[in-house]
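Here's the structure we're looking at; comments come further down.
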Amino acid sequence: MPESNRDTSEVLLHKHTRREFRERMQSGELKACIIPVAATEQHLEHLAMEHDWRSVMLVATEAAKQLAPQVIVAPSMNIGISEHHMRHPGTLSAMPGGWLSVLFDTIRSMHHAGFDNILVLNGHGGNMAPCLGMWGQFQQRLEINLHFESYWNLLPEEVAFANLKTKRFPGHAQEFETAFALAAFPENVRHDAMQEQTDQEPMEATAEAGQIMIDEIVKQVSQYISGMIDGTNIAEIPPFHS
């Protein structure tokens, strides 16, 4: 690949040609894949609706860069299960059955490409229950080292509590997500709307706290995937019942 933007391009599947990807797989350097899943939905009056997928994609990309050249990131599934937000026009939502089918086919495709270590990294709370309810069956079907984690669950509580005035996370468009946006993509924060809306908890957020937490999350995700690669973090496949 060209040296310009190499750090990012080399970890993104969709930036590869088929030859580039094939040669990297055949060389054995690629050891794990991250599949980010999230949503496009309302985030109160002050945050852009892309927040969930943009944040999880940032975490996935930065974690993969720390482990380069061993990890590749698939395109984000940027529509999630958001029925609980549909009263706010503009929210996009998929029904759980169809969404899980697309997710499984994405996992299956990356396994077909040669990956036995796959992390589905989640950035939207509404995706959690459907995934966790099906995860054992996904693992039984594929019999690989397949993990599902929400990125905020890998943030140590002591780091979160030290940087959040409200001591609450993740929350929906509250202090944690607002701090993340202020640090990572400040253009997505509408300050006037934040001051005017009824919910004032987001006003506690700061970019400085957001950056500290992002850095820690990226470090923890990198360590999580490193364990998958070196064999110390292996998903337990539920036993089959006769």
Side-chain angles (χ1 to χ4, degrees), residues 11-13 30-39 51-67 70-82 96 99-100 102-111 115-161 164 168-172 176-177 180 184 210 213-238:
V11 303
L12 298 176
L13 172 66
L30 288 172
K31 306 294 186 184
C33 172
I34 306 173
I35 300 173
V37 298
H51 179 84
D52 284 353
W53 72 259
R54 185 100 181 263
S55 60
V56 75
M57 197 68 183
L58 181 148
V59 170
T61 301
E62 293 303 313
K65 285 161 70 171
Q66 289 196 3
L67 296 171
Q70 299 178 94
V71 180
I72 204 159
V73 181
S76 168
M77 286 180 59
N78 56 16
I79 296 175
I81 300 168
S82 302
W99 188 87
L100 286 166
V102 173
L103 175 58
F104 179 79
D105 284 342
T106 305
I107 297 167
R108 181 174 58 86
S109 296
M110 296 315 295
H111 176 45
F115 290 101
D116 290 324
N117 296 305
I118 298 176
L119 170 63
V120 174
L121 189 64
N122 179 49
H124 169 56
N127 298 338
M128 293 173 63
C131 278
L132 294 174
M134 287 295 295
W135 212 249
Q137 294 184 50
F138 283 8
Q139 292 171 320
Q140 289 173 336
R141 177 68 67 86
L142 296 172
E143 298 185 307
I144 60 174
N145 191 23
L146 175 63
H147 295 245
F148 175 86
E149 288 290 340
S150 297
Y151 73 79
W152 55 81
N153 284 342
L154 297 177
L155 175 64
E157 281 192 354
E158 61 269 22
V159 177
F161 292 161
L164 292 171
R168 293 204 309 120
F169 80 104
H172 180 70
F176 172 75
E177 288 194 324
F180 193 119
M213 292 186 288
I214 290 170
D215 290 344
E216 183 65 26
I217 290 167
V218 169
K219 183 178 83 170
Q220 294 296 329
V221 172
S222 298
Q223 291 176 354
Y224 190 95
I225 300 167
S226 181
M228 293 174 63
I229 294 170
D230 68 22
T232 60
N233 183 15
I234 302 297
E236 184 176 347
I237 299 173

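No experiment lies behind these values; they were computed from the predicted model shown. The figures that follow rest on heavy atoms only: side chains count, while hydrogens, waters and symmetry mates do not.
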Quiz item: Listed by chain and number, what are the salt bridge (charged side-chain N to carboxylate O under 4.0 Å, His left out) partners of Lys65, not counting sequence neighbours?
Solution: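 Lys65 satisfies salt bridge (charged side-chain N to carboxylate O under 4.0 Å, His left out) with Glu62 only.
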Exercise. Find out whether Pro156 and Gln220 are in side-chain contact, i.e. whether some heavy atom of one side chain is under 4.5 Å from a heavy atom of the other.
Key: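 Answer yes - side chains close enough.
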Practice problem: For the pair Trp135 and Phe148, name the ring-plane relationship: parallel under 30°, tilted 30 to 60°, perpendicular over 60°. | Solution: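 The arrangement is tilted - the two ring planes meet at 30° to 60°.
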Quiz item: Parallel, tilted or perpendicular: which describes the rings of Phe180 and His51, with under 30° parallel and over 60° perpendicular?
Solution: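 Rings of Phe180 and His51: perpendicular, over 60°.
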Practice problem: Examine the side chains of Asn145 and His147 and answer whether a donor and an acceptor come within less than 3.5 Å of each other. | Solution: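 Looking only at side-chain atoms, His147 and Asn145 do form a donor-acceptor pair, the distance falling under 3.5 Å.
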Self-check item: Short side-chain donor-acceptor distance under 3.5 Å, Asn78 and Ser76
Solution: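 Side chains of Ser76 and Asn78: no pair found under 3.5 Å.
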Quiz item: By side-chain hydrogen bond (donor to acceptor under 3.5 Å, both in side chains), which residues pair with Asn153, not counting sequence neighbours?
Solution: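 Here no residue qualifies.
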Can you name the closest pair of heavy atoms from [X] and [Y] and give their distance?
| X | Y | value |
| --- | --- | --- |
| Ala63 | Val218 | N-CG1, 3.8 Å |
| Ile35 | Ile118 | CD1-CG2, 3.8 Å |
| Leu154 | Glu149 | CD2-OE1, 4.3 Å |
| Gln139 | Glu236 | OE1-O, 3.7 Å |
| Ala160 | Leu155 | CB-CD2, 3.7 Å |
| Gly80 | Asn127 | CA-OD1, 3.6 Å |

Practice problem: Apply the test side chain to side chain contact (heavy atoms under 4.5 Å, CB included) to residues Leu12 and Thr61: give CA-CA distance (whole Å), side-chain angles for both, the deciding distance (0.1 Å), then the verdict. | Solution: CA-CA 7 Å; Leu12 298 176; Thr61 301; 3.8 Å; yes
Quiz item: Just by modelled atom types, is the Ile79 backbone N or O under 3.5 Å from a matching donor or acceptor in the Trp99 side chain?
Solution: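 Such a contact is found between Trp99 side chain and Ile79 backbone.
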